[in-house]
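Read through the structure below, which is laid out as structure tokens, and then see the notes.
Everything numeric in this text was worked out from a predicted model, so none of it was measured. Naming: A, B, ... by sequence-line order, numbering from 1 per chain.
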Amino acid sequence: MSNIIRVIIAKVGLDGHDRGVKIVARTLRDAGMDVIYTGLHRTPEEVVDAAVQEDVDVLGISILSGAHMTIFPRVLKLLKERDAEDIIVLGGGVMPDEDAAALKAQGVKEILLQDTPPESIVATVRRLVAERGPK
Amino acid sequence: MAEPIPSLELVERVIAGERRAIARMLSRAEAGLAEAREALDHLYRRAGRAHVVGITGVPGSGKSTLVAKLAAAVLDTGRKIGVIAIDPSSPFSGGSILGDRIRMGEIAGHPSVFVRSMATRGALGGLARGTLEAVDVLDAAGYDMIFIETVGVGQDEVDVVRAAHTTVVVSAPGLGDDIQAIKAGILEIADVHAVSKGDKPEADKAVSELQSMLALVLPAAGFKRAVPVIKTSSPRNEGIAELLAAIDEHREYLATSGLYEVRRQSIRERRMLKAAQQVLHDEFERHREGRMAGVIAELAAGSISPQTAARRLLAHIGIEVKR
Ligand SMILES: Nc1nc2c(ncn2[C@@H]2O[C@H](COP(=O)(O)OP(=O)(O)O)[C@@H](O)[C@H]2O)c(=O)[nH]1
Ligand SMILES: [Mg+2]
């Protein structure tokens, strides 16, 4: 019902690069969204708790460490346990196509690979929120 | 597409402490939705138990880190703790990056803790639109203590002071703007001073400077109560229990002196006036192209003054000003 899109951007796991996610955060802010940034090395539990408390439309998780096939299923399961499956999960980082396809089949709405241009990230977020409808 | 849950249906779930319902209600409070007003009124009537603590100070002084430590200390006393962390919105896009959660760590996931980030979205005075309604929501949901963290660099702190029962001003050594902060009138607004980063070598000097400044300024400003200055170090977990004790003592002081009710009433009156301003503002925007168009045209032509135009605006919504 409220019109400003809220996005949480999280880094889960061991890799220590946050340059990319910070650029994404700024891009979304410049598109008029509220972006909650949680910092590095978060656990799936922390990220899901934060997404619930912040009542975000979109939960974006960037993983560069290669652990995406364990982390995303865990996040989806936790969201389900907290009755928060309506939160749109986006993945970012690097992964092979077949992993991306497998994760999308499990409920990750979109995988944005590392070279995705900023405009297309903004457009994807807007489209997915519009498809979900008012909350 | 599922239909949104009506706000009135969220009320009981908020009171029962259901986290998703609380989170959703907070969004609606923040958005200032007309649909949510009745629900928020219900929650307002259920609220009134929580101790509301404003935490302000210049960016980088250590507020968020300190709030996380304080939250842990509050939990240790068996109380539930809510945190509203406010950051400024970009004046260009209206969007914002809300980064205070970075410092909260794992405590934010504790079942008795609720942390929410809010953007100022151009609201004046450091508080976001809907902040105080958000406080009501957390209060009604059973949070015993609610911290409001705001960035304060001048006049901005004033709003949080007028919204909180207890105001903590956080300063830190080595920011290079201590004197600046004092100029901006930060000394007088604190019920408790925290000097964070007490692990730094310059901290003791900062504490004693602050103390001598307070000794000079407060008696002149008619303060009867001594304002405590607490040195804290978040990484070493030092001074945190003392700071919480000082915050609790201030609440006691308000109660025993009778000032608690005075402060609460002034918060209520201020909220009433702010709400009235908001109504006026929204009405103006709604009728800008319609009923107000004539007044605006005259204002543009210079045939009426802003003062006269203001009275015409009020007359349009049925308020006649005699003076
Ligand atoms: N040495 C030291 N650093 C601190 C302390 N508290 C916070 N910091 C650091 O100061 C910086 C700003 O802290 P933050 O809590 O975000 O400040 P805020 O902007 O006032 O919310 C961060 O790099 C913290 O790690 C402290 O007690 N001691
Ligand atoms: Mg902060």
Side-chain angles (χ1 to χ4, degrees), chain A residues 1-11 18 21-57 78-87 122 125-126 128-135, chain B residues 1-7 13 18-36 64 82-85 87-90 92-111 113-121 128-130 134 138:
Chain A
M1 262 193 272
S2 50
N3 43 8
I4 288 185
I5 296 179
R6 282 172 80 81
V7 182
I8 198 163
I9 303 274
K11 290 279 309 179
D18 62 357
V21 292
K22 282 185 173 161
I23 293 172
V24 172
R26 277 199 292 272
T27 304
L28 296 174
R29 177 205 53 196
D30 292 343
M33 303 181 195
D34 280 352
V35 184
I36 296 124
Y37 180 55
T38 64
L40 292 165
H41 311 308
R42 293 300 168 199
T43 65
E45 284 77 6
E46 283 172 343
V47 167
V48 169
D49 280 335
V52 167
Q53 291 174 33
E54 297 289 353
D55 191 36
V56 293
D57 301 285
L78 288 167
L79 283 171
K80 192 170 182 177
E81 281 171 19
R82 286 168 178 58
D83 192 24
E85 286 166 290
D86 57 313
I87 294 176
V122 170
V125 168
R126 290 210 174 113
L128 292 170
V129 171
E131 280 169 14
R132 185 213 53 199
K135 69 175 187 198
Chain B
M1 281 190 211
E3 279 297 305
I5 304 169
S7 294
R13 293 170 54 191
E18 234 183 88
R19 286 162 97 75
R20 282 228 84 193
I22 295 168
R24 188 57 48 89
M25 208 60 221
L26 289 172
S27 301
R28 294 180 184 177
E30 185 177 11
L33 290 181
E35 188 273 343
S64 298
V83 176
I84 297 174
D87 274 321
S89 304
S90 155
F92 303 108
S93 72
S96 47
I97 295 181
L98 308 169
D100 291 314
R101 267 198 114 88
I102 297 173
R103 316 269 177 236
M104 289 303 300
E106 20 186 86
I107 189 98
H110 191 286
V113 178
F114 199 109
V115 180
R116 182 60 175 244
S117 313
M118 283 177 99
T120 53
R121 199 145 292 122
R129 177 176 180 172
L138 290 174

Between [atom1] on residue [X] and [atom2] on residue [Y], distance to nearest 0.5 Å:
| X | Y | atom1 | atom2 | result |
| --- | --- | --- | --- | --- |
| B/Arg20 | A/Ile87 | CZ | CD1 | 4.5 Å |
| B/Ser27 | A/Asp57 | OG | CG | 8.0 Å |
| B/Ser117 | A/Ile36 | OG | CD1 | 5.0 Å |

request  = May I ask you to name which of A/Asp86, A/Asp83, A/Thr38, A/Asp34 has the most heavy-atom pairs under 4.5 Å with chain B?
outcome  =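 Top count of heavy-atom pairs under 4.5 Å with chain B: A/Asp34.
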
ask   = So which of A/Gly39, A/Ala25, A/Ala84 has the largest heavy-atom pair count under 4.5 angstrom toward chain B?
value =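 The option with the most such pairs is A/Ala84.
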
Over all atoms of both residues, closest heavy-atom pair of [X] and [Y]:
| X | Y | answer |
| --- | --- | --- |
| B/Gly95 | A/Arg29 | C-CG, 3.4 Å |
| B/Glu30 | A/Arg6 | OE1-NH1, 3.5 Å |
| B/Ala23 | A/Val52 | CB-O, 3.0 Å |
| A/Gln53 | B/Val113 | NE2-O, 4.0 Å |

Pairs where residues 97-109 of chain B contributes a residue and the test salt bridge (charged side-chain N to carboxylate O under 4.0 Å, His left out) is met, not counting sequence neighbours =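 Pairs touching residues 97-109 of chain B that pass the test: A/Glu54-B/Arg101.
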
ask   = Among B/Leu26, B/Leu98, B/Ile22, B/Asp87, which residue forms the greatest number of heavy-atom pairs with chain A at distances under 4.5 Å?
value =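 Top option by heavy-atom pairs under 4.5 Å: B/Leu98.
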
request  = Please look at B/Phe92 and chain A and tell me whether the side chain, the backbone, both or neither of the residue comes under 4.5 angstrom of a heavy atom of that chain.
outcome  =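 Contact with chain A is absent: no heavy atom of B/Phe92 under 4.5 Å.
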
task = Just jot down the salt bridge (charged side-chain N to carboxylate O under 4.0 Å, His left out) partners of A/Lys22, sequence neighbours excluded, or say none.
result =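 For A/Lys22 the salt bridge (charged side-chain N to carboxylate O under 4.0 Å, His left out) partners, ignoring immediate neighbours, are A/Asp18.
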
Partner residues of A/Asp30 under the salt bridge (charged side-chain N to carboxylate O under 4.0 Å, His left out) criterion, sequence neighbours left out =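 So A/Asp30 forms no salt bridge (charged side-chain N to carboxylate O under 4.0 Å, His left out) with any residue.
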
task = Anything in residues 42-49 of chain A with a heavy-atom distance to chain B below 4.5 Å? Please list those residues in order.
result =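 Residues of residues 42-49 of chain A touching chain B at under 4.5 Å: A/Arg42, A/Glu46, A/Asp49.
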
